[in-house]
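In what follows, a structure is listed as C-alpha cells, so that the remarks can point back to it.
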Amino acid sequence: NQMMVARSWNRIDLLQNQILPIASDLSNNDKKRCFYLSLESDQPEFVELLLDEDIDLKDFLTVETLGNLYNSLPDTLSIKRLINKLKPRGQVGISLNNVGVTFAFLMGDKVSFNPLYTRDARYNTPTTNNNQVKMDTTNN
C-alpha cells in the first residue's frame, strides 16, 4: 500500500501530508506493520508519526514482537554482539531473558537492577526472527 511505499522510500513528508490525512481506510494492521518495519529499519521519524496515529504500544509490543525486533538487529551492533556473547552457547536466537541479562551486566554491581526478563521463565525461549509480525486482523 501507499504507506509502505512511503516508508520504503523514506518519505515521511508523503506519509504525513498526503497519505495519512486522506487514508481513513488504513487498517490498524497496516499501521502496525509499517510501525514494526520503521523500528526495524531505524526510521525514528516514521515511528514518532505512527505513535501520533494512535499505535497502542501495550497492544503492539508482545513478547514475540519484541523478541523479533532484538533478533533482527544487525550483527554489527555492539549490543547484539554483547547479547550473543553472554547468552548460553549453542542457543539459537535471542530471548528476552538474554536481553535482561545483558542489561543487568551493563548496569554493573553498583546498581540494583533486576529486570523482569531475568525473573520470569516466560522470557527464556528465544524468538526465531522470521521478519513477520503477527497482526490481529480482527481490529481493522
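Rounding to the nearest 0.5 Å gives a distance of 12.0 Å between CG of Leu51 and NZ of Lys31. In this structure, Leu82 CG and Phe103 CZ are separated by 9.0 Å, a value rounded to the nearest 0.5 Å. In this structure, CG on Asp30 lies 5.0 Å from CE on Met3, to the nearest 0.5 angstrom. For the atom pair OG1 of Thr125 and CD of Gln91, the computed distance is 9.0 Å after rounding to the nearest 0.5 Å. Note: Ser72 OG to Lys80 NZ = 7.0 Å, rounded to the nearest 0.5 Å. To the nearest 0.5 Å, atom CG of residue Asn10 and atom OG of residue Ser41 are 9.0 Å apart.
Neither Val92 nor Val101 shares a network with the other; the hydrophobic side chains, linked directly or stepwise wherever heavy atoms of I, L, V, M, F, W or Y lie under 4.5 Å apart, form separate groups for each.
Side chain of Asp120 to main chain of Leu116: no donor-acceptor pair is present (N/O by atom type, distance under 3.5 Å, no hydrogens or angles). Judged by distance alone, with hydrogens and angles left aside, the side-chain atoms of Asn97 form no donor-acceptor pair with the main-chain N or O of Tyr123 at under 3.5 Å. Between the side chain of Ser8 and the backbone N or O of Val5, at least one donor-acceptor pair lies under 3.5 Å. With Glu64 contributing its side chain and Leu66 its backbone, the two residues share no donor-acceptor pair below 3.5 Å. Between the Gln43 side chain and the Arg7 main chain, a donor and an acceptor come within less than 3.5 Å of each other. Lys87 contributes no side-chain N or O that, together with a main-chain N or O of Asn98, makes up a donor-acceptor pair within less than 3.5 Å. No side-chain donor-acceptor contact under 3.5 Å links Thr65 to the backbone of Leu61.
The side-chain heavy atoms of Phe46 and Phe35, taken from C-beta on, include no pair separated by under 4.5 Å. By the 4.5 Å heavy-atom criterion applied to side chains, Arg33 and Leu37 are counted as neighbours. Looking at Val63 and Arg122, their side chains never come closer than 4.5 Å, going by heavy atoms from C-beta outward. Side chains of Leu106 and Ile79 form a contact here, defined as non-hydrogen atoms less than 4.5 Å apart. Within the 4.5 Å cutoff, no side-chain heavy atoms of Arg81 are placed close to those of Asp75. Considering only heavy atoms from C-beta on, Ser38 comes within 4.5 Å of Leu50 through its side chain. Looking at heavy atoms from C-beta onward, Tyr36 lies in side-chain contact with Leu69 at the 4.5 angstrom threshold.
For Lys58 and Asp56, the salt-bridge test fails: no basic side-chain N is under 4.0 Å from an acidic carboxylate O.
Ile19 approaches Ala6 most closely through the heavy-atom pair CD1-CB, 3.8 Å. Listed here is the closest heavy atom pair of Tyr70 and Ile94: O-CD1, 3.9 Å.
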